[in-house]
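First the structure, in the form of structure tokens, and then the observations on it.
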Number of protein chains: 2
Amino acid sequence: MQPTPLTELHARVEKHLGENNIRYSTGRQKFIAALHAAGGPRSATHLHTTELDDVPLSSLYRTLTVLEDIGILERTHDSDGVAMFELGEWLLGHHHHLICTSCDVVTDIDLGEGLEDAVAEISATVAASHGFTMTGHTLDVLGLCEDCG
Amino acid sequence: MQPTPLTELHARVEKHLGENNIRYSTGRQKFIAALHAAGGPRSATHLHTTELDDVPLSSLYRTLTVLEDIGILERTHDSDGVAMFELGEWLLGHHHHLICTSCDVVTDIDLGEGLEDAVAEISATVAASHGFTMTGHTLDVLGLCEDCG
DNA sequence: CTACTTGCAAATGCTTTGCAGGAGA
DNA sequence: TCTCCTGCAAAGCATTTGCAAGTAG
């Protein structure tokens with residue numbers, strides 16, 4: 001997937017924050033940049049110990065909560081139940097995940113139009129046959145990343 | 001999916017426990033029966049407040065840990081990061097999940113051979129193109145269940 | 001000046017663990 | 001009788017929150 005340029009990302013986030021009367025403070029900008037550079041979901045602790053080591057965890061969590069509330073962020077959980085945050089689909093585009101079961105690193109992937117349509121159709125089919133109103137789907141591919149394999 | 005009969009499930013679990021020198025105590029039997037009846041992953045708290053209300057949470061967690069360690073159980077997490085437990089794939093068969101975003105109930109589903117093969121092939125294709133050694137995949141369909149829709 | 005943000009410290013909630021008693025083989 | 005299992009209470013850890021101080025508009 002071709003990533004959104006950081007400049008455009010900042011602009012879109014700032015606009016969305018503005019519409020919700022929330023300031024795009026320096027701390028929040030730094031956070032967005034860090035997550036943009038990550039290339040996949042990251043935990044608060046991970047960000048705190050790497051790119052954002054000068055930001056107190058509680059402040060980081062507050063940023064996370066604020067951004068999640070207005071849809072900038074989405075929260076998932078790793079195999080230990082620790083929260084992982086990534087940019088929302090409307091900012092990042094629809095995608096799926098490669099999850100390395102050895103080092104736990106998660107990588108965003110784009111299936112491409114053909115395969116994506118197939119997955120969407122399969123999901124819709126099975127949802128319908130269970131009286132379920134589908135609103136989305138997630139496909140995680142588990143295995144060993146290039147480094148661990 | 002046609003569920004494994006409870007009797008057969010008990011037998012298989014007991015055998016596996018025996019091979020690991022672990023007793024199939026009454027408490028563990030009650031737990032397996034409760035999870036069998038659930039039809040999808042359940043949290044410790046959920047089981048504690050419904051079927052297993054006489055079992056202390058700490059004991060329940062201990063049962064969970066023991067059974068997870070030897071592969072009887074698999075642990076996932078709901079949207080709030082709370083641990084959910086279900087029988088392992090070798091006991092339950094490969095399957096996917098319908099997740100209701102309103103009431104949070106998770107239901108096991110079987111795609112059927114054709115669709116399952118398609119998902120497996122798509123996953124394998126995308127894994128290969130990223131230098132990733134695939135060992136498995138999960139497909140979650142999100143939406144509203146029959147009751148909430 | 002006012003409203004939004006941040007940091008610290010304390011609290012919360014899920015989950016794990018030490019230890020002593022209980023029960024099955 | 002020996003080993004494994006259970007319960008209670010206490011500890012652990014990720015995450016949240018109250019409150020006071022800081023800062024941008």
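Basis for what follows: all heavy atoms, side chains included, without hydrogens, waters or symmetry-related copies. First the proteins, then the strands, lettered A, B, ... as listed; each starts at 1.
- One interatomic measurement links the two molecules: CD of Glu14(B) to C1' of dA25(C), which rounds to 13 Å at whole-angstrom precision.
- Not one side-chain nitrogen or oxygen of Ser58(A) sits closer than 4.0 Å to the OP1 or OP2 atom of dC8(C).
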Give every donor-acceptor pair under 3.5 Å between a side-chain atom in residues 140-149 of chain A and any protein atom, sequence neighbours left out.
none

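- Test His16(A), Lys15(A), Glu14(A), His10(A) against Tyr24(A) for side-chain hydrogen bond (donor to acceptor under 3.5 Å, both in side chains) and you get one pass: His10(A).
- Taking atom CG on Asn20(B) and atom C1' on dC5(D), their separation rounds to 16 Å, with Å as the unit.
- Checking dA14(D), dA9(C), dT16(C) against the side-chain heavy atoms of Arg75(B) singles out dT16(C) as nearest.
- Here the straight-line distance linking atom CG of Leu139(A) with atom CG of Leu98(A) works out to 9.5 Å at 0.5 Å rounding.
- Between Arg62(A) and Thr45(A), it is Thr45(A) whose nearest contact on DNA chain D lies nearer the 5' terminus.
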Side-chain polar contacts of residues 113-123 of chain B - donor-acceptor pairs under 3.5 angstrom, sequence neighbours left out - could you list them?
{"from": "Glu116(B)", "atom 1": "OE1", "to": "His96(B)", "atom 2": "NE2", "distance (Å)": "3.0"}
{"from": "Glu116(B)", "atom 1": "OE2", "to": "His94(B)", "atom 2": "NE2", "distance (Å)": "2.8"}
{"from": "Glu116(B)", "atom 1": "OE2", "to": "His137(B)", "atom 2": "NE2", "distance (Å)": "3.0"}
{"from": "Ser123(B)", "atom 1": "OG", "to": "Val119(B)", "atom 2": "O", "distance (Å)": "2.9"}

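- Within residues 23-33 of chain B, the residues approaching DNA chain D are Arg23(B), Ser25(B), Gly27(B), Arg28(B), by heavy-atom distance under 4.0 Å.
- The CG-P distance, from Asn21(B) to dG24(C), rounds to 18 Å in whole Å.
- Between Leu64(A) atom CG and dT6(C) atom C1' the separation is 15 Å, expressed in whole Å.
- Leu17(B) has its CG atom 9 Å from the P atom of dC5(D), to the nearest Å.
- Sequence neighbours left out, the pairs with a member in residues 29-54 of chain B that pass salt bridge (charged side-chain N to carboxylate O under 4.0 Å, His left out) are Lys30(B)-Asp54(B).
- Within the nucleic acid shown, Ile22(A) comes within 4.0 Å of sugar-phosphate atoms alone, with no base atom in reach, counting heavy atoms only.
- Following rounding to the nearest Å, Leu57(A) (CG) and dT6(C) (P) show an atom-to-atom distance of 15 Å.
- Remark on DNA chain C: of its neighbouring residues Ala44(B) and Asp54(A), the 5'-side contact belongs to Asp54(A), judged by nearest-heavy-atom nucleotide.
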Distance-only criterion, 3.5 Å: show the donor-acceptor pairs between side-chain atoms of residues 80-87 of chain A and protein atoms not counting sequence neighbours.
{"from": "Glu86(A)", "atom 1": "OE1", "to": "His95(A)", "atom 2": "NE2", "distance (Å)": "3.2"}
{"from": "Glu86(A)", "atom 1": "OE1", "to": "His97(A)", "atom 2": "NE2", "distance (Å)": "3.4"}
{"from": "Glu86(A)", "atom 1": "OE2", "to": "His97(A)", "atom 2": "NE2", "distance (Å)": "3.2"}

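- In this structure, His77(A) atom NE2 and dA14(D) atom C1' are separated by 11 Å, rounded to whole Å.
- Distance Arg42(A) CZ to dA14(D) P: 18 Å, rounded to the nearest Å.
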Output a table of donor-acceptor pairs, distance under 3.5 Å, between side-chain atoms of residues 67-74 of chain A and any protein atom two or more places apart or on a different chain; print 'none' if there are none.
{"from": "Glu68(A)", "atom 1": "OE1", "to": "Arg75(A)", "atom 2": "NE", "distance (Å)": "3.1"}
{"from": "Glu68(A)", "atom 1": "OE1", "to": "Arg75(A)", "atom 2": "NH2", "distance (Å)": "2.9"}
{"from": "Glu68(A)", "atom 1": "OE2", "to": "Arg75(A)", "atom 2": "NE", "distance (Å)": "3.4"}
{"from": "Glu74(A)", "atom 1": "OE2", "to": "Glu89(A)", "atom 2": "N", "distance (Å)": "3.1"}

